[in-house]
Number of protein chains: 2
Amino acid sequence: MEIRLLRAFVVLADCLHYGQAASRLCLTQPALTKQIRVLEDRLGAPLLVRGRHGAALTGFGADFLGEARELLGRADALDERARRMVRGEAGRLAIGFGLSSLQLAPQHIAAFRRHHPDVEIGLEDMSSAEQVERLLDGRLQLGFVRLPVVAPLASLPLLTDRLVLAVGDGVDPLRPPTLLRLARHRGPGLAGEVDRLLDHWAGQGYVPSAVHEAGDIQTLLALAAAGIGAALVPESAVRILPPGVRIVRPGTDLVWQTGLAWLPQAGSPLRDRFIALLR
Amino acid sequence: MEIRLLRAFVVLADCLHYGQAASRLCLTQPALTKQIRVLEDRLGAPLLVRGRHGAALTGFGADFLGEARELLGRADALDERARRMVRGEAGRLAIGFGLSSLQLAPQHIAAFRRHHPDVEIGLEDMSSAEQVERLLDGRLQLGFVRLPVVAPLASLPLLTDRLVLAVGDGVDPLRPPTLLRLARHRGPGLAGEVDRLLDHWAGQGYVPSAVHEAGDIQTLLALAAAGIGAALVPESAVRILPPGVRIVRPGTDLVWQTGLAWLPQAGSPLRDRFIALLR
DNA sequence: GGATTTCCATTCCTTCAGGTTATCACCAAC
DNA sequence: GTTGGTGATAACCTGAAGGAATGGAAATCC
């Protein structure tokens, strides 16, 4: 089923006059005659009866006309949609986000959706490490992740969380027996700050006896409350502080940034618009 | 948007290998390469990135793939549907029916629909005269009408109604003052029978003083009940006989047939199937 | 590390589908 | 009869689409 033939037929059915239809199609009349004959041959039945004054649709022609119009409309819509996809006004954007970006992602995504209602946004909830993996293999175009991100990825910092120490009663925040930190896979950016803290302590002649990991911040705080040690947590965690735990600034400034990450070489105008909107 | 290019792209996106895709399309690899490049040029953006081991979709390519598949599916469906239209298994059938065929049309249409579920049937309620007009100009393919029908139309008798006289108390059914008949435009076949009745009466030396027309049978019967005269009605009208009216056979056999009518030269396999089913 | 394989791009050539011009055939209206 | 309008046909031309052969770069294999 060639679009060209359908278009010829639909225009001809509109004016029921080969000459006029041909000029509307920017063709000559014999060319149109041929196209219609080809279409009729392919279908195996006549679409029009040629009278002396113009042509008239056959019953089959009338039935077929509706279907042809339908398909043509969809073909044109696809053309238009493709153009908009190229310009970055339509398409699909797969965006990852995690617990760390719960305050961040929704508002930005909502803003983007307001500007680009035709863009289908696929939101996928996963850890920063998973997001990085999927950004690298292309399953994700954008991710709200803990910064920094590794080499081929680019990023835009959006939110800076100060890191603080949470300690239970009776624990010396400056020399805690154990340092409690979030598991490595939950936040790639944390490692550097942990090292900076340990270096800072080492400079003061102190080395904690152990570094423990936990999978989420609630667990870290619970361990701190039990007097196990000092938990290195983002300052925003004060909202979920259990009783008997207090917040202490470490001796050195430690930060944990959350931001948007992407793979620059996997360019997509849609993605670039999203980034531009956040800048 | 050429179907050919979309098909090439979709197949290529399926196997992500130019050689394999080309052979599936019954093409050589350079031809496919060219088609994809043409498509990319038209769209204005690359659909795939060519790696050393096969190709991979770009983000845009993946977005576009879904849309392309959609359109291709519809194009193929149109092909299939067109084939079935030609074979008379799909399409649209405009059928007229009137009050006179209320007992007739629904059951036949239901039977046809059972045999051909993909046929869209447009039912149009109108008088026999209107049906004839629309059959002649092609707006109707079939009509359940009073017979006989005029010259270029063909017909199939389906139901024979005996015509009887309905008279009120105190009216002589053999010499009624007035003959009450249905309006001419409501039943073309009635005129001949009316004439036969008048001839029959004339042969017996009787001529009614007037012939009155009414638009529907209820009115005719009401007039008869009022003693105006004798109403010539189909025998099936006994079901709606008002009190004080009795049925009398006229001295001669008068019939009124209902049947299916169509315009033979406006052939349509669908229509022919409908007719064949009733034969 | 060179030979081989794999896979896509390029080049060149052929073919034929699709277009144009010119003309014909037919009917209707004047 | 003539003229005008309409679609069909014929002859020809162009260029788009496909095929064969080749190129070239990465991966693979001894």
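In the text below, chain A, chain B and the rest are named by the order of the sequence lines, each starting its count at 1. Predicted model, so just to flag it, every value in this text is computed and none were measured.
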| message | Output the rounded distance in Å from CD (B/Glu2) to C1' (C/dA17). | response | 12 Å
| said: Expressed as a whole number of angstroms, how long is the span from B/Arg50:CZ to C/dA9:P? | reply: 5 Å
| query | Taking atom P of D/dG7 as reference, at what distance in whole Å does atom CD of A/Gln29 sit? | reply | 7 Å
| said: Could you check whether B/Arg37 pairs with B/Glu40 (Lys NZ or Arg NE/NH1/NH2 to Asp/Glu carboxylate O, under 4.0 Å)? | reply: no
| message | Can you pull out the residues from residues 34-45 of chain A that lie within a 4.0 Å heavy-atom distance of DNA chain C? | response | A/Lys34, A/Gln35
| Do A/His108 and A/Phe112 have their ring centres less than 6.0 Å from each other? | no
| field | Between D/dG5 (C1') and A/Gln20 (CD): distance, integer Å | value | 11 Å
| Shortest side-chain distance from B/Arg4, nucleotide among D/dA17, C/dT10, D/dT6 | D/dA17
| task | Tell me which nucleotide among C/dA9, D/dG18, D/dT9 gets nearest to the side chain of B/Tyr18. | result | C/dA9
| remark: Among D/dT9, C/dG19, D/dG18, the one nearest any side-chain atom of A/Ala31 is C/dG19
| said: Can you measure A/Leu47 atom CG to D/dG7 atom P for me and round it to whole angstrom units? | reply: 15 Å
| Among the nucleotides D/dG7, D/dA21, D/dT9, which one has an atom lying closest to any side-chain atom of A/Pro30? | D/dT9
| said: Whole angstroms only, please: what is the CG-P distance between A/Leu32 and C/dG18? | reply: 13 Å
| request: For the pair A/Glu2 and A/Arg42, find out whether any cationic side-chain nitrogen is under 4.0 Å from an anionic carboxylate oxygen. | output: yes
| task | Give the rounded distance in Å between these two atoms: CG of A/Leu27 and C1' of C/dG18. | result | 9 Å
